[in-house]
**Q** 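Once you've had a glance at the structure underneath, I'll fire off some questions.
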Amino acid sequence: MLWFVFTTPVCNLNCRYCGGTIPEEVMPHEIRYTVEELRDFLKKDPERDIAFYGGEPLLKTEFIEKVMEEIPARHYFLQTNGILLHLLRPSILKRMDTILISLDGDERLTDLHRGRGVYRSALKNAELIRKKASRGI
Ligand code: SF4
């Protein structure tokens, strides 16, 4: 089964059609369980896949890395706006099966909805992680 792990409802962007960070009263901003508790819960599913989601999930990079170190899964996925992708360590990047980077189209359209410079930043980081994952730097 595919399990979505919301690492945070906080986002570092405020896209026009989304509104950005989900308010604290709707979803807690801090994770209220431990990785060990999550591991015990997910043990029930030996065929688990894990997708990291947000908000912007990479605002909790340490949590993502700890989950991947402590909880084996068939596949790991990440859905991100790409701005913080440079924070992931090569050893973790190599174990990600799929990284989905959200863009709205070309540079003009993406920056119109997401903010100035977002398109270039996301693409720059996409190129960077490709190099990091292949070279292990
Ligand atoms: S990056 Fe995603 S979560 Fe963040 S504001 Fe934009 S659409 Fe919403």
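Note that ligands are numbered from 1 as they come in the structure, with each ligand's atoms numbered from 1 the same way. Hydrogens, waters and symmetry mates are skipped; everything else that's a heavy atom, side chains included, is used. We number each residue from 1, following the sequence as shown.
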**Q** Can you get from I71 to F6 by hopping between Ile, Leu, Val, Met, Phe, Trp and Tyr side chains that sit under 4.5 Å apart?
**A**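 No; tracing contacts between hydrophobic side chains, which count when under 4.5 Å, never links both residues.
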**Q** Using 2.8 Å as the threshold, say whether any N, O or S atom from C18 sits that close to atom 4 (Fe) of ligand 1.
**A**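 Given the 2.8 Å cut-off, C18 does not count as a ligand of atom 4 (Fe) of ligand 1.
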**Q** Determine, stepwise, if the pair R120 / E127 fulfils salt bridge (Lys or Arg N to Asp or Glu O under 4.0 Å).
**A** CA-CA 11 Å; R120 285 187 185 212; E127 192 57 38; over 6 Å; no
**Q** In terms of side-chain geometry, is the basic nitrogen of D111 or R116 positioned less than 4.0 Å from the acidic oxygen of its partner?
**A**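 The answer is no: the pair does not qualify as a salt bridge.
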**Q** Angle between ring planes, Y76 versus F52, binned at 30° and 60°: parallel, tilted or perpendicular?
**A** parallel
**Q** If we set the cut-off at 4.0 Å for heavy atoms, which region of R114 has an atom near ligand 1: side chain, backbone, both, or neither?
**A**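 Contact part for R114 vs ligand 1: side chain (C-beta onward).
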**Q** Could you tell me the residue and atom name of the protein heavy atom closest to atom 5 (S) of ligand 1, and the distance to it rounded to 0.1 Å?
**A**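 Looking at atom 5 (S) of ligand 1, the protein heavy atom closest to it is C15 N, 3.3 Å.
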**Q** Output the list of atoms in ligand 1 that are nearer than 4.0 Å to some heavy atom of L13, sorted by atom number.
**A** 5 (S)
**Q** Relative to the heavy atoms of N81, which atoms of ligand 1 are at a distance of less than 4.0 Å?
**A** 1 (S)
**Q** At what distance is the nearest protein heavy atom to atom 4 (Fe) of ligand 1, and which residue and atom is it?
**A**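 So the nearest neighbour among protein heavy atoms is C11 SG, 2.3 Å.
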**Q** Run the contact test for H113 against ligand 1 with a 4.0 Å cut-off on heavy atoms, strictly below, and give the result.
**A** no
**Q** For the residue pair F77 and W3, is the inter-centroid distance of their aromatic rings smaller than 6.0 Å?
**A** no
**Q** In terms of side-chain heavy atoms, does E56 have a donor or acceptor partner in T8 at a distance below 3.5 Å?
**A** no
**Q** Which atoms from ligand 1 have a heavy atom of G20 less than 4.0 Å away?
**A**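 Atoms satisfying the 4.0 Å criterion: 5 (S).
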**Q** Would you please say whether a donor-acceptor pair under 3.5 Å links the side chains of D104 and Y119?
**A**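 There is no such pair (donor and acceptor under 3.5 Å, judged by atom type) between the side chains of D104 and Y119.
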**Q** Touching ligand 1 at all, S102? Heavy atoms, strictly under 4.0 Å?
**A**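 S102: no contact with ligand 1 (<4.0 Å).
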